[in-house]
Protein chains: 2
Amino acid sequence: MVSKQPDPHPEIPDEIDGLRMTKQRKEIYHILMEYRDHPTASEVYMRAKERLPSISQATVYNCLQALVQHQIIRQVNFERESSRYCPNLREHVHFHDSATGAIHDVDFKPGFQLNELLQLPEGVQVEDIEITLRGKLPQSS
Amino acid sequence: MVSKQPDPHPEIPDEIDGLRMTKQRKEIYHILMEYRDHPTASEVYMRAKERLPSISQATVYNCLQALVQHQIIRQVNFERESSRYCPNLREHVHFHDSATGAIHDVDFKPGFQLNELLQLPEGVQVEDIEITLRGKLPQSS
DNA sequence: GTATGGAATTGGAATAATTCTTGATATCGG
DNA sequence: CCGATATCAAGAATTATTCCAATTCCATAC
């Protein structure tokens with residue numbers, strides 16, 4: 001008679017938007033929520049192995065992909081680097097600090113309108129916007 | 001006595017911004033200028049082979065990289081797809097037509113200011129902006 | 001002209017991130 | 001409890017790109 005292990009992440013529901021949250025998916029989602037530093041798949045893999053030593057890279061990729069497809073997290077691409085993953089679902093922009101390599105989320109100002117910024121042709125339907133900035137933060141931050 | 005072949009692209013100077021424009025580099029630059037449809041490296045390779053049958057993929061990659069590094073063309077990345085290349089040096093945005101897959105350049109409106117759009121922290125120095133839109137054009141276009 | 005040195009080109013091998021495949025496991029509904 | 005379905009694991013396969021070593025090209029000096 002083996003008693004079940006307690007769920008290590010009881011704050012994460014067993015299902016999100018129709019996706020069954022398995023042990024592995026919960027762990028990976030938890031990792032993204034905890035640090036929010038836009039890790040790559042292999043960084044997620046390294047962190048996940050600490051709690052789930054038998055997890056494989058393939059599972060990490062599978063889980064990340066399942067979470068992205070169900071719009072629980074976002075995949076972030078910068079240049080040709082490895083994809084990074086981000087649990088922030090608000091519409092936002094990514095700022096890459098060229099000094100430290102860190103990535104910061106930057107929000108839009110309320111009420112922004114794309115066609116105030118761009119010479120878009122009449123009648124376009126914009127389904128998705130992706131904005132990435134690269135630059136330096138002031139010293140004091 | 002073999003007479004030299006005439007330069008197939010006399011409109012392209014023999015040097016741009018300190019980069020010696022060899023036969024291969026001229027051909028590749030010409031391909032980008034002619035169609036302006038944001039081809040991938042292997043699309044450029046296929047087109048280049050028509051005029052320079054002995055050109056190699058490695059050369060295409062080398063030339064594209066040299067042109068990018070000398071800021072003669074731009075490398076454009078979208079999601080995790082192959083890089084695409086673009087001779088438009090004006091600051092602009094890429095619009096991916098989700099119906100046809102075509103990529104269109106969209107200009108900024110004059111006098112746009114990033115911090116009208118974004119809640120940027122005080123004192124950031126933005127060195128580079130990359131904006132990509134995905135969506136549909138109106139039928140009639 | 002011809003020689004020379006550095007840059008450019010070539011073809012193939014190597015790399016890295018990601019996806020695919022297949023079999024094993026776990027979970028759900030009845 | 002049992003079969004159906006979903007998920008996971010491990011390694012092979014794929015794809016875009018880069019690296020490497022050998023050759024070729026080209027500008028300049030002789």
Side-chain angles (χ1 to χ4, degrees), chain A residues 2 4-5 7-8 12-29 31 38-46 48-49 51-70 72-73 75-85, chain B residues 1-9 12-29 31 38-46 48-49 51-70 72-73 75-85:
Chain A
V2 181
K4 251 188 196 160
Q5 300 297 321
D7 181 346
I12 301 175
D14 291 339
E15 186 175 317
I16 302 181
D17 282 318
L19 183 69
R20 186 148 64 85
M21 291 299 281
T22 63
K23 192 168 36 139
Q24 290 84 347
R25 288 175 186 158
K26 280 190 179 183
E27 185 56 43
I28 283 167
Y29 185 52
I31 286 167
H38 306 83
T40 63
S42 67
E43 286 164 355
V44 171
Y45 174 53
M46 290 187 296
K49 268 199 299 195
R51 270 174 189 268
L52 303 174
S54 75
I55 202 169
S56 70
Q57 289 240 44
T59 297
V60 172
Y61 276 105
N62 287 342
C63 291
L64 288 170
Q65 196 175 299
L67 293 168
V68 168
Q69 276 167 359
H70 286 74
I72 299 166
I73 63 171
Q75 184 171 7
V76 179
N77 298 300
F78 182 58
E79 308 280 302
R80 306 234 83 241
E81 294 172 10
S82 306
S83 287
R84 295 175 174 277
Y85 298 86
Chain B
M1 185 87 69
V2 181
S3 65
K4 247 188 199 161
Q5 301 296 323
D7 181 348
H9 302 301
I12 301 176
D14 291 338
E15 186 175 317
I16 302 181
D17 282 319
L19 182 69
R20 185 149 64 87
M21 291 299 282
T22 63
K23 191 168 37 137
Q24 290 85 348
R25 287 175 185 160
K26 281 189 178 182
E27 185 57 42
I28 284 168
Y29 185 53
I31 287 167
H38 305 83
T40 63
S42 67
E43 286 163 357
V44 171
Y45 174 53
M46 291 187 296
K49 268 199 299 196
R51 270 176 189 266
L52 302 175
S54 76
I55 200 170
S56 68
Q57 288 241 48
T59 297
V60 172
Y61 275 105
N62 287 341
C63 290
L64 289 169
Q65 196 174 298
L67 293 168
V68 168
Q69 275 167 359
H70 285 75
I72 300 167
I73 64 170
Q75 183 171 10
V76 179
N77 299 301
F78 182 58
E79 308 279 300
R80 304 236 85 239
E81 295 172 9
S82 305
S83 287
R84 296 176 173 276
Y85 297 88

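Computed from heavy atoms alone, side chains included, the values below leave out hydrogens, waters and symmetry copies. Here is the naming used below: chain letters follow the sequence lines, and residue numbers restart at 1 for every chain.
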Nearest-0.5 Å distance that lies between atom CD1 in B:Ile72 and atom OH in B:Tyr29 = 7.0 Å
Per-pair distances, 0.1 Å, donor-acceptor, side chain in residues 59-69 of chain A, under 3.5 Å, sequence neighbours excluded:
{"unit_1": "A:Thr59", "atom_1": "OG1", "unit_2": "A:Ser56", "atom_2": "OG", "d": "3.1"}
{"unit_1": "A:Asn62", "atom_1": "ND2", "unit_2": "A:Ala58", "atom_2": "O", "d": "3.4"}

inquiry  = Whether B:Ser54 contacts C:dT10 is assessed here as follows: a side-chain N or O lying under 4.0 Å from the phosphate OP1 or OP2. Is that the case?
reply    = yes
query = To the nearest 0.5 Å, what is the distance between CG (B:Asn77) and CZ (A:Arg80)?
reply = 5.5 Å
note = OH of A:Tyr85 to CD of A:Gln75, rounded to nearest 0.5 Å, is 4.0 Å
message = Does D:dC8 have OP1 or OP2 under 4.0 Å away from a side-chain N or O of A:Ser56?
response = no
message = I need a per-nucleotide contact map over nucleotides 15-21 of chain D, read 5' to 3'. Cutoff is protein heavy atoms under 4.0 Å; write B for the base, S for backbone only, - otherwise.
response = -SBBB--
Nucleotide C:dT19, atom C1' - distance to CD of B:Glu79 in whole Å = 16 Å
task = Check side chain to side chain contact (heavy atoms under 4.5 Å, CB included) between B:Ser82 and all other residues, then give those that pass, not counting sequence neighbours.
result = B:Thr40
query = For B:Asp14 and C:dA8, what is the distance between atoms CG and P respectively, to the nearest whole Å?
reply = 14 Å
query = Got a sec, which pairs hit side-chain hydrogen bond (donor to acceptor under 3.5 Å, both in side chains) with one end in residues 17-26 of chain B, sequence neighbours left out?
reply = B:Asp7-B:Lys26, B:Asp14-B:Lys26
ask   = If you look only at pairs with a residue in residues 51-66 of chain A, which of them pass as a salt bridge (Lys or Arg N to Asp or Glu O under 4.0 Å), with sequence neighbours excluded?
value = A:Glu27-A:Arg51
ask   = Listed in order of residue number, which residues of residues 18-28 of chain B have a non-hydrogen atom at under 4.0 Å from DNA chain D?
value = B:Arg20
Under the ring pair (Phe, Tyr, Trp, His ring centres under 6.0 Å) test, residues paired with B:His9 that sit two or more places apart = B:His30
query = Roughly how many Å is it from CG in A:Leu52 to P in C:dT25, rounded to a whole number?
reply = 17 Å
task = Write down the distance between OH (A:Tyr45) and P (D:dC8), rounded to a whole number of angstrom.
result = 15 Å
key: Atom-to-atom span, CD1 of B:Ile55 to C1' of D:dT24 - whole angstrom   = 14 Å
